[in-house]
Protein chains: 2
Amino acid sequence: MRLSSLADYAVVMMSAAARHCGSIRLNATLLADETGLPLPTVQKLVSKLSGAGLIESTRGTGGGFRLSRPPAAISLADIVEAIEGPIAMTSCVDTGKHDCAVEGSCRVKPHMGTVNGAVRGALAGVTLAQLSAQAPVPAVAEHA
Amino acid sequence: MRLSSLADYAVVMMSAAARHCGSIRLNATLLADETGLPLPTVQKLVSKLSGAGLIESTRGTGGGFRLSRPPAAISLADIVEAIEGPIAMTSCVDTGKHDCAVEGSCRVKPHMGTVNGAVRGALAGVTLAQLSAQAPVPAVAEHA
DNA sequence: GGCAATCGGATTAAATTGATCTGATTGAGA
DNA sequence: TCTCAATCAGATCAATTTAATCCGATTGCC
């Protein structure tokens, strides 16, 4: 019930990338230096995000990458799915996996679909544009 | 972004237990046989759920356990938290963990709190009573 | 044509998780 | 009263997944 560290890192990295909206060339080294994340980790994330189509990367000396869509069109769900794969709370939700012992008479499965949709909706409701905004959050009291 | 198998099993197990609302004595062997889950796994779950206060267990020959609250008063969030600990999408949300590299200027954290709340709300909205209902789901088309 | 810089995939080590085993506890029966 | 059987509880061990590192392929510049 916790998204992986890599997905977490990816969100931080993409958020930092969104702040460089104007500059064309971004590279892994720059973002690693900026976010404090290890360079190899950032490189790995670049590979995955590029494969998912969220960023467009070019190799070579003058290479680098940039967001393939404007920040407002990239949601947390996109990033999480790019790193972790489809959002599915239980393996039941994925089609084709049927190792559940009570497959036939499982009452839990349909409700999990509902929960799953709620989770995905919550993630899809937050865009990179919101994350890269300066400081729109008015002193959240958190879970005091 | 997927809850652990143990938490999944716990939901199935508690759902099966809720269907035995009338009978006082439940034991791990019975539920293992009924759900098809391995007996040691069910025993482990019983320990955790008992520790969390969701079930009341007694040892000895005539021992066993029962739900400490009515099924309508036990939600998925309760079960998941009993097995996995506090629901927190990122370690940022847990108080006291500050190994994030961009702690000071992190724009992601407050939004994660929102997402986290949405997830927990979705889990808290489903009770054991709903899960143990016979078949209220009218032929879900799923993700065809 | 050589060189430097970048992404891409593969390998290795660590951590978390899941399953098994053994021990402590309790009640029933002789 | 004592022994035995049945149960939960905790600890141990193996497996899977995950995260970090390393090396190779590709490309533009000099």
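Residue numbers begin at 1 in each chain, while the letters A, B, ... track the order of the sequences.
The listed nucleotides are C/dA10, D/dT27, D/dC8; the one nearest the side chain of A/K44 is C/dA10. Comparing D/dT21, C/dC7, D/dA19 by their nearest atom to the side chain of A/F65 picks out C/dC7. Side-chain atoms of B/R59 lie closest to D/dC8 of the nucleotides C/dT20, D/dC8, C/dG18. The listed nucleotides are D/dT27, C/dA19, C/dC7; the one nearest the side chain of A/Q43 is C/dC7. Taking every side-chain heavy atom of A/N27 into account, C/dC7 is the closest of C/dT25, D/dA20, C/dC7. Side-chain proximity of A/Y9 to the nucleotides C/dA19, D/dA20, D/dC8 is greatest for D/dA20.
Between the P atom of D/dA20 and the CG atom of A/L37 lies a distance of 9 Å, rounded to the nearest Å. Remark: C1' of D/dA19 and CG of A/L39 are 15 Å apart, rounded to the nearest angstrom. Protein atom CG of A/L3 is 16 Å distant from nucleotide atom C1' of D/dT17, rounded to whole Å. Note: CZ (B/R66) to P (D/dC8) measures 14 Å, nearest angstrom. We find that CD of A/E84 is positioned 14 Å from P of D/dT17, with the value rounded to whole Å. Residue A/I83 contributes atom CD1, which lies 12 Å from atom P of D/dA20 at whole-angstrom precision. D/dT17 atom C1' lies 12 Å from atom CZ of B/R2, rounded to whole Å. Atom pair A/R25:CZ and C/dC7:P shows a separation of 10 Å (rounding to whole Å applied).
Between A/I83 and A/L49, some side-chain heavy-atom pair lies under the 4.5 Å cut-off.
When all heavy atoms of B/M13 and B/T35 are compared, the closest pair comes out as CA-CG2, 4.5 Å.
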CA sep, side-chain torsions, deciding dist, call: B/N116, B/M112, side-chain contact (heavy atoms from CB on, under 4.5 Å): CA-CA 6 Å; B/N116 199 61; B/M112 270 303 175; 5.9 Å; no
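B/R2 places a side-chain N or O within 3.5 Å of a backbone atom of A/A88 that can act as its donor or acceptor partner.
Across the interface with DNA chain D, nearest-nucleotide mapping of A/G60 and A/T41 shows A/T41 to be the residue nearer the 5′ end. The 5' end of DNA chain D is approached more closely, in terms of each residue's nearest nucleotide, by B/A28 than by the other of B/A28 and A/S5.
At D/dA5, none of the side-chain N or O atoms of B/T61 fall inside 4.0 Å of OP1 or OP2 (strictly under the cut-off).
In this structure, A/R120 pairs ionically with A/E81, as a charged nitrogen and a carboxylate oxygen lie closer than 4.0 Å.
Contacts between residues 45-57 of chain B and DNA chain D, defined by a heavy-atom separation under 4.0 Å, are made by B/V46, B/S47, B/S50, B/S57.
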Check: residues 67-77 of chain A side-chain donor-acceptor pairs under 3.5 Å, at least two apart:
| unit_1 | atom_1 | unit_2 | atom_2 | d |
| --- | --- | --- | --- | --- |
| A/S68 | OG | A/G53 | O | 2.7 |
| A/S68 | OG | A/L54 | O | 2.7 |
| A/R69 | NH1 | A/A73 | O | 3.4 |
| A/S75 | OG | A/A77 | N | 3.4 |
| A/S75 | OG | A/D78 | N | 3.4 |
| A/S75 | OG | A/D78 | OD2 | 3.2 |

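Here CG of B/L37 is found 7.5 Å from CG of B/L45. Values are rounded to the nearest 0.5 Å.
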